[in-house]
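Since the structure comes first, as structure tokens, the remarks are kept for the end.
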Amino acid sequence: MIDQRFDPKAHEQRVYQRWEEAGCFRPSMDTSAEPYAIMIPPPNVTGSLHMGHALNNTIQDILCRFERMRGKNVRWQPGMDHAGIATQMVVERQLAASGGNQDRRSMGRDAFVEKVWEWKEQSGGTILNQLKRLGASCDWENTKFTLDDDLNVAVNKVFVDLYNEGLIYRAKRLVNWDPHFQTAISNLEVENKEVDGHMWHFKYPLAGGQTYTYVEKDADGNITLQEERDYISIATTRPETMLGDGAVAVHPSDERYAPIVGKLCEIPVGPKQHRRLIPIITDEYPDPDFGSGAVKITGAHDFNDYQVAKRGNIPMYSLMDEKGFMRADGKTYAEEAEIAQRIAEGKEDFDEAKIAAMNLVPDPYRGLDRFEARKAVIADISAEGNAVMVADPKHQDEETEAPLIPLVENKKIMQPFGDRSGVVIEPMLTDQWFVDAETLAKPAIEAVRSGKTKFVPENWDRTYYNWMENIEPWCISRQLWWGHRIPVWYGPNGEVFCAPTAAEAQALAGDGVRLQQDEDVLDTWFSSGLWPFSTQGWPEETDGLKTFYPGATLVTAFDIIFFWVARMMMLGIKFMDGEVPFKDVYIHAIVRDETGKKMSKAEGNVIDPIDLIDGVGVDTLVAKRTANLRQPEKAPKIEKDVRKRYPKGFDAYGADALRFTLAAMATKGRDINLSVDRIAGYRNFGTKLWNATRFAQMNEAKFGVSVEPQSLDLPVNKWIVGELYKCTAAVSEAIEDYRFNDAASAVYHFTWDVLCDWYLELSKPILNGDDVQAQTETQTVLGWVLEQTFVALHPFMPFITEVLWDQTAKRSDFLMQQTWPGLNASFADELAAEELDWVLKTISQIRSVRSDVNVPAGAKVPVSLVGATEETGRRVAAHRDVIMRMARLEKFDLADAAPAGSVKTVVGEATIVLEIADLIDAGEEIARLDKQLGKLGGEITGLEKRLGNDAFVAKAPAEVVAEQRERLTELKSTEAKLSQARDQLASL
RNA sequence: GGUCGAUUAGCUCAGUGGUAGAGCACUGCAUUGACAUUGCAGGGGUCACUAGUUCGAACCUAGUAUCGACCACCA
């Protein structure tokens, strides 16, 4: 006999270990079996499990366990990602926190990287062990890490091949620069956020004191403003970049500035005697209707300006160093400005390198932080009187003329931040390595268009196309130390040798040539992009590669469609002969808290999956939630809320309950608002199954014996195997279609409502009766149906089902190795189904009436059936015992007529008569019947109206019409019987 | 600005053309026999709004309102 209840803590880890030791997670490598592969989205090596991982891996595990049971050769490929920036950040923080003066630069590259490896060894397994707690059936013996030697070989080969094809190149480009990490990052790693900003308006005086007539017109061409100006008005949100301006641009159609196009104007900042003059040019980019219509062009510090500068061959002067400080290198400002002046006047040639070396930051600003420099520039320009002035709006209503103040608009501006560092990203002109993503994207787009890879839900393909069709060159070099070193070596004169190894590079260069390897490492996503084939041994032609590429389904959240899915598509197709890396991409929801807010430590609303599995006291819960708040002052409120919401913390719900909850909530295309109540509900569900099994054991159910539907005798047994068949078919279909919520609810409903609430109750009189044959059949069916339920539930609740399997019979193998129920339609006996439907309805109706008329729960009621057909009579005889037991009856017999004053209800053709006149009040009973008649009447009117509509009868499908006719007949018959009963009562 | 999504019971959500559903919460009743982590019975919804298509609309179409996500962006 199994324990009183299931204790997850006592079993889960033990069961997991047994599976692992028995090799249950390894692919069968059975060549006759269909291969089935899922690549885990490799978690960050230093990460720990959060709710998103829990959902993501629960779904993968459901798929893998399901397909494994269906006989497929399953590899769920596990591993971890070295996560360049994220990991380097963690270790750098540790260095800082350890109090020593060491940072990575003072340590040096080798020592630092060694330190990171130490940290990886120390904490690297955490998340994988947490995945095991969840029950993940990964092929752990094949666990990979993106920095493993064999994966490194793959990375180098991909790089070299792409380089040799010209699809990877090095170039000086404007890139997103993270001044905190001092590295370039890709567009995707930049978060644009709206912040409060300012727009300053400055006057750029025309060279030599020239003037022009500035004319503004309204839409009809009437002149609204006309004045002589000796300047052009420029607006900017980043005044410090003025120092690097190369031109002022206006739209070619802008008549206001036509007189001065081609002339020079002065950047109104810096030492007066070395003011730089820049040309006024035309370009399509400026919007004449925005601001003054004139834009300063700072090619080295703005992406739009960069394009304009490239088109117009405008020099792009870099102003900042890698920390985001104003440059302090190079010649003096006076010297640099003079050269720049000659360039601007076309008197001196320039090239990229020459411009890059020039430092046009005036001496007083050199070495300032970029935001300090901004303040200084504004102050200096304003002091000199070159700010555009307006009347102070504060004084508008006064009689005296309002004083003038500099025009500074407060406005929301979009500012780029590093997604990891949180600092403002600086566009910087630097030498970087790029992948020609546009070329690689083409076949990747086509693969989705042609359906070789499908997104589920399919609307995500729009997102994919949208990004892929507008893809920019992918900056893959990072000025970090933790990652794959770029496989490029430079000769003494900058010659480039790209090769998979240093030795091969040396061979290319020739003996004795001194080579220096590129200092940079690759973007983390470069190696993640190879994951589907690098983990299978590529470039070797391994069995794993042949068998498990392409994979079946990629399971991931939408937020890495661009980062990861798109890159895997591009690189997989490129290097695996045009074959896509996976057939389906299942995009699942983001897990949020109960109120729909994104979980984050900074908000104090994180639910740790392990806390739900193991349980956690309220004090610990409070401590965890208030530990890393963005606004620490909110801690008391959070504490109060948590204590109110979870007075005792979380129970140890176990992994099964968590998994089932996530599956049940994993609907297509909607976020999950996770509620702990629901987890408790599904924990109860496990308990229910557990107790049903206990019941079976107490009644000597036979486990391990299979059942043939043809051999069954009792309708109730025929019925339950039919219901089981319907359930397993629904579950299979739903999982195949990624409708995990439907799959979960089908098996939940079967187990609780059908099996426990009905079948177990229906079986009690048989199991306790003296018909040995019926008893034996029922014991066999009960045991077998439960076993099949374990199987059907196993993908969702692997632990409790495995334990039940193990404890109900002597087993030679694991539940997880069983074959998925291959039940077919022969299990569905329609006659038995109809018969049991009648039994269930009869019991329910009687119970309902009892409750309505307040018959005491314990009272046994005499009931008779009037107007029953022969078939119903047979059913009464066959099921009398169980109906009497479940509806608490004193007798249940056929009768010709009902005694006066009895209470009636209707099932099918017969009237059910509760002979309890003395227990009830005639008036109340009439009222009850009237209420029911009212309901019936409404429905009947609706049906009659519909069926009376010729168009409906003519156009609706025949079966729909027939169905509704049938229903109308049934309702009318019921109505007639009830109204007769009512009239009888009334006439008393 | 572009794209996608949401709006259904008190709460969290299923439901893609044919009798409105689940879990939790709520109400009443029931505690020695699988299970109170329970059972039985019940209350509760103009399916955001408007107009269309259709015999028939929560569902399809168009529009409106509110909320949200992603992408892009005017210096």
Nearest-Å distance for atom pair [atom1]/[atom2], residues [X] and [N]:
| X | N | atom1 | atom2 | result |
| --- | --- | --- | --- | --- |
| A:Arg739 | B:A22 | CZ | C1' | 16 Å |
| A:Phe740 | B:C13 | CZ | P | 20 Å |
| A:Phe562 | B:C4 | CZ | P | 13 Å |
| A:Asn192 | B:C70 | CG | P | 11 Å |

Base, sugar-phosphate, or nothing: which does [X] touch, judged by heavy atoms less than 4.0 Å apart?
| X | result |
| --- | --- |
| A:Asp757 | sugar-phosphate |
| A:Arg5 | base |
| A:Met414 | base |
| A:Asn466 | nothing |
| A:Phe685 | nothing |
| A:Gly293 | base |
| A:Thr237 | sugar-phosphate |
| A:Gln697 | nothing |
| A:Ile297 | nothing |
| A:Pro856 | nothing |
| A:Ala692 | base |

For [N], give the paired nucleotide (Watson-Crick: N1-N3 plus N6-O4 or O6-N4; G-U: N1-O2 and O6-N3; both under 3.5 Å), or none.
| N | result |
| --- | --- |
| B:A62 | B:U50 |
| B:U31 | none |
| B:A9 | none |
| B:G45 | none |

Does a side-chain N or O of [X] approach OP1 or OP2 of [N] to a distance below 4.0 Å, or not?
| X | N | result |
| --- | --- | --- |
| A:Ser848 | B:C40 | no |
| A:Asn741 | B:C13 | no |
| A:Lys764 | B:A34 | yes |
| A:Trp752 | B:G23 | no |
| A:Lys945 | B:G56 | no |

With nearest nucleotide decided by heavy atoms, which residue, A:Cys756 or A:Asp753, maps closer to the 5′ end of RNA chain B?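 The residue mapped nearer the 5' terminus is A:Asp753.
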With nearest nucleotide decided by heavy atoms, which residue, A:Lys411 or A:Asp852, maps closer to the 5′ end of RNA chain B?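 The residue closer to the strand's 5' end, by nearest nucleotide, is A:Asp852.
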Looking only at the aromatic ring of each residue, does the gap between the centers of A:Phe796 and A:Tyr682 stay below 6.0 angstrom?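 No - the distance between ring centres of A:Tyr682 and A:Phe796 does not fall below the 6.0 Å cut-off.
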Is it the case that more than 12 heavy atoms not belonging to A:Glu191 sit under 6.0 Å from its CD atom?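 Above 12, so yes.
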Answer yes or no: is there a side-chain heavy-atom contact under 4.5 Å between A:Leu674 and A:Leu612?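 Result yes, sub-4.5 Å side-chain heavy-atom pair found.
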Among A:Asp656, A:Leu804, A:Thr693, A:Leu689, find the one that has a side chain to side chain contact (heavy atoms under 4.5 Å, CB included) with A:Phe6.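 Of A:Asp656, A:Leu804, A:Thr693, A:Leu689, side chain to side chain contact (heavy atoms under 4.5 Å, CB included) with A:Phe6 is met by A:Asp656 alone.
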Suppose we call a contact any N or O donor and acceptor under 3.5 Å apart; does that hold for the side chain of A:Arg683 and the base of B:U37?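 Indeed there is one.
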